[in-house]
Structures are given as C-alpha cells and as structure tokens.
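Data block below; observations after.
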Amino acid sequence: MFEYQLKKSARRKTVAIKVHNQQVTVYAPSYIAKKQIDSWLLEKKTWVDAQLLKQLTVVDCKQYPFETKKICIYSEQVNVQFEQGHYSGVKPQLAGLLITVSKRVKHQQLKYQKLLEEYLKEQLTAYIEMRLTYFCTQMNEALPHNLSIAIYKRKWGSCNSKRDLTFNLHLIGAPQHIIDYVIVHELAHLRHLNHSKAFWQRVEKFYPDYKSASQWLKINGMGLQWVF
C-alpha cells in the first residue's frame with residue numbers, strides 16, 4: 001500500500017483522492033474509519049500507481065530565470081539581465097529587463113528574485129485593476145473590497161465572503177485573455193461562493209469560452225511557474 005495523507009472533514013459526504021507532485025491525499029468524511037479508507041484505496045491502487053508513474057514522466061516545463069535569463073510576461077519570452085550596479089532596481093529596456101543589485105547587498109540572488117517578483121507584481125496588478133473595472137461594469141458588480149497578488153502552487157485565484165480577491169502572481173505569464181477568464185471566475189464568486197450550476201452560468205454569461213480557458217490553464221499552468 002502506498003503512503004498517503006488523510007484529511008477528514010465533517011462537511012464532506014464522499015471520499016476523494018488527489019495525486020499531486022508525487023503525493024497522495026485522501027479527503028474523507030470524519031465519520032469514516034481509516035480501515036475502511038485503506039480497504040477502499042486497495043481497490044484504487046492501480047489507478048493511483050498509474051498517476052504516480054505519469055507524474056514521474058512529466059517534462060519539467062517550469063521557468064528558471066537565473067539559468068535561461070528569460071521570464072514569460074503575457075505569453076511572451078522577455079530577456080532578463082542580472083548585473084551588479086550602484087543601486088538596486090529594475091529597468092525596462094528594448095532588449096528586455098535589466099535588474100541591478102548594489103554590491104553592498106549580501107544576498108545578491110535573493111535580491112534579484114525579490115526585485116523581479118516586485119516588478120512582475122506591479123505589472124499584473126495594473127492589468128487586473130484595469131480589467132476589474134471593466135468586468136465589474138459588465139457584470140453590474142461593485143468593485144471588490146481588496147485586491148491582493150500572491151504566489152500559489154495549486155490555484156489561480158481566490159475570493160472570500162468579505163469580497164477580497166487574490167490572484168496568483170504566476171498568471172503574469174499567461175495570455176491576457178486567460179487572465180480575463182480568472183478575473184471573471186473570481187468575480188462570479190462574489191455572488192456564488194461555490195461552483196454550483198448558477199456560478200458557472202454566470203461565468204459563461206460574461207466569458208463564454210470559459211471551458212477552453214480553464215483547459216488552457218490545466219495544460220500550460222506548470223509552464224507559468226518559475227523556480228529560482
């Protein structure tokens with residue numbers, strides 16, 4: 001039997017398996033005994049083993065900016081030059097981005113990373129703010145109370161009952177129409193904090209090609225992530 005992480009919840013009604021990054025997680029109702037789960041997993045062993053093997057053979061398509069000297073911005077490869085300088089900052093140029101770090105900085109690589117991510121965050125925030133204004137008007141929706149940008153591994157955005165929206169910084173590498181889909185998706189959550197039929201109907205009303213955009217993220221999502 002393979003090792004797995006068990007997460008129980010009183011709200012769950014069914015047992016589910018998730019295989020991600022060579023880790024198996026089982027979600028189950030709190031009243032189900034572990035022995036029952038183990039027995040159920042034995043029946044699923046062939047499928048789980050196949051998923052684990054499949055993930056081992058997946059090609060690593062993440063971005064490595066320090067190695068390739070490139071970063072993807074709105075689906076275009078942008079050259080990134082890292083240099084020591086008299087000051088620390090990011091300067092856009094015709095050939096790409098020039099990132100300089102002062103010689104006085106002790107942890108040079110961490111500073112390069114921070115400067116690049118701050119620049120990407122500024123770019124993504126500006127685009128999302130602009131499109132939020134547009135889509136809120138289209139959807140007859142008040143602007144969210146708060147907008148945040150963060151780095152996630154497994155989700156592209158989030159919305160809570162306080163009307164706070166958060167978007168994954170890695171979206172900066174996606175085409176703008178894909179980012180628009182995520183924006184509409186999260187705005188639809190302002191009225192439906194679930195993935196009910198009513199939720200998806202609202203998404204489709206303002207982004208008809210949502211299935212294609214969602215599939216694009218599933219296929220290309222790993223390539224939007226970067227590793228320093």
Problem - All side-chain hydrogen bond (donor to acceptor under 3.5 Å, both in side chains) counterparts of Lys70, not counting sequence neighbours - result: Asn79
Problem - Min side-chain heavy-atom separation Ile179-Arg131 under 4.5 Å - result: no
Problem - Backbone N/O of Lys35 and side chain of Ser39: donor-acceptor pair under 3.5 Å - result: no
Problem - N/O donor-acceptor pair under 3.5 Å between Ser88 side chain and Ser102 backbone - result: yes
Practice task
Flag the pair Trp47 / Leu41 as yes when at least one side-chain heavy-atom distance between them is below 4.5 Å, and no otherwise.
Solution key: no
Practice task
Mind running side chain to side chain contact (heavy atoms under 4.5 Å, CB included) on Gln123 and Ile172 for me, showing each step along the way?
Solution key: CA-CA 8 Å; Gln123 300 303 305; Ile172 188 68; 4.0 Å; yes
Handout entry: Heavy-atom neighbours of Glu76 CD exceed 12 at 6.0 Å
Key = no
Practice task
Could you tell me whether a side-chain N or O of Asn160 sits under 3.5 Å from a main-chain N or O of Arg163, the two making a donor and an acceptor?
Solution key: yes
Exercise for the section: Assess the pair His185 and Tyr181: is the distance between their ring centroids shorter than 6.0 Å? Expected result: yes
Completion exercise
Between the CE atom in Met130 and the OG1 atom in Thr125, the distance rounded to the nearest 0.5 Å is 12.5 Å
Exercise for the section: Count the heavy atoms belonging to other residues, nucleotides or ligands that lie under 6.0 Å from NZ of Lys8, then report whether that count exceeds 12. Expected result: yes
Exercise for the section: Answer yes or no: are there more than 12 heavy-atom neighbours, outside Lys211 itself, under 6.0 Å from its atom NZ? Expected result: no
Completion exercise
Distance col, row Leu147:CG vs Leu165:CG, nearest 0.5 angstrom, shows 7.0 Å
Completion exercise
In this structure, CG of Leu224 is separated from CE of Met222 (nearest 0.5 Å) by 11.0 Å
Problem - Leu143 CG to Glu129 CD distance, which is reported to the nearest 0.5 Å - result: 9.5 Å
Handout entry: Single-linkage hydrophobic cluster Val105~Phe228, side-chain heavy atoms < 4.5 angstrom
Key = yes
Handout entry: Expected output: side-chain Gln63 to main-chain Gly223 donor-acceptor under 3.5 Å
Key = yes
Handout entry: Main-chain N/O of Leu187 paired with Arg202 side-chain donor or acceptor, under 3.5 Å
Key = no
Practice task
Could you check if a side-chain atom of Lys7 sits within less than 4.5 angstrom of a side-chain atom of Gln5, using non-hydrogen atoms only?
Solution key: yes
Practice task
Could you please spell out the steps behind the side chain to side chain contact (heavy atoms under 4.5 Å, CB included) verdict for Gln84 and Val101?
Solution key: CA-CA 5 Å; Gln84 285 190 336; Val101 169; 5.7 Å; no
Practice task
Would you mind reporting whether Leu97 and Gln81 have side-chain heavy atoms less than 4.5 Å apart?
Solution key: no
Problem - Verdict with reasoning, Leu98 to Val80, per side chain to side chain contact (heavy atoms under 4.5 Å, CB included) - result: CA-CA 6 Å; Leu98 173 62; Val80 184; over 6 Å; no
Problem - Distance (rounded to the nearest 0.5 Å) between Glu186 CD and Asp164 CG - result: 12.0 Å
Practice task
Compare all side-chain heavy atoms of Leu52 with those of Gln22 and state whether any distance is below 4.5 angstrom.
Solution key: yes
Fill in the blank from the handout: Looking only at heavy atoms, the pair that brings Leu124 and Asn168 closest together is CD2-O, 3.6 Å
Practice task
Please answer: with hydrophobic residues joined when any side-chain heavy atoms are less than 4.5 Å apart, are Tyr4 and Tyr27 in the same cluster?
Solution key: no
Fill in the blank from the handout: side chain to side chain contact (heavy atoms under 4.5 Å, CB included) with Leu120: of Ile71, Leu115, Leu171, only one passes, and it is Ile71
Exercise for the section: Check Val15 against Ile32 and note the closest heavy-atom contact, atom names and distance. Expected result: CG2-CD1, 3.6 Å
Problem - Atom of Leu190, atom of Ala142 and distance for their closest heavy-atom approach - result: CD1-O, 4.3 Å
Completion exercise
The side chain to side chain contact (heavy atoms under 4.5 Å, CB included) partners of Leu193 (sequence neighbours excluded) come to Cys159, Ser161, His189
Problem - Pairs where residues 127-150 contributes a residue and the test ring-ring contact (aromatic ring centres under 6.0 Å, His included) is met, not counting sequence neighbours - result: Tyr74-Tyr127
Exercise for the section: Could you state whether Leu6 and Leu42 fall into the same hydrophobic cluster, counting links through intermediate Ile, Leu, Val, Met, Phe, Trp or Tyr residues with side-chain heavy atoms under 4.5 angstrom apart? Expected result: yes
Handout entry: Qualifying residues under side chain to side chain contact (heavy atoms under 4.5 Å, CB included), relative to Lys155, sequence neighbours excluded
Key = Tyr152, Ser158
Exercise for the section: Under the side chain to side chain contact (heavy atoms under 4.5 Å, CB included) rule, what do Arg191 and Glu141 come out as? Steps first, then yes or no, please. Expected result: CA-CA 9 Å; Arg191 297 195 184 186; Glu141 191 71 65; 3.0 Å; yes
Practice task
With the side chain counted from C-beta on, respond yes when Ile128 and Ile149 share a heavy-atom pair under 4.5 Å apart, and no when they do not.
Solution key: yes
Problem - Summary of ring-ring contact (aromatic ring centres under 6.0 Å, His included) pairs that have at least one residue in residues 86-124, sequence neighbours excluded - result: Phe82-Tyr112
Problem - With Tyr210 via ring pair (Phe, Tyr, Trp, His ring centres under 6.0 Å) - residues at least two apart - result: Trp200
Exercise for the section: Answer with yes or no whether the side chains of Trp226 and Glu117 bring together a donor and an acceptor at under 3.5 Å. Expected result: yes
Problem - Nearest heavy-atom neighbours spanning Asn194 and Phe199 - result: O-CG, 3.4 Å
Practice task
Would you mind reporting whether Leu132 and Pro144 have side-chain heavy atoms less than 4.5 Å apart?
Solution key: yes
Problem - Path from Ile99 to Phe66 over hydrophobic side-chain contacts below 4.5 Å - result: yes
Handout entry: Minimum heavy-atom distance between Ile37 and Ala28, given as atom pair plus value
Key = CD1-CB, 3.7 Å
Practice task
Taking the side chain as every heavy atom from C-beta outward, state whether Lys44 and Ile17 have any pair of such atoms under 4.5 Å apart.
Solution key: yes
Practice task
Give, for atom CD1 of Ile178 and atom OG of Ser212, the distance between the pair rounded to the nearest 0.5 Å.
Solution key: 6.5 Å
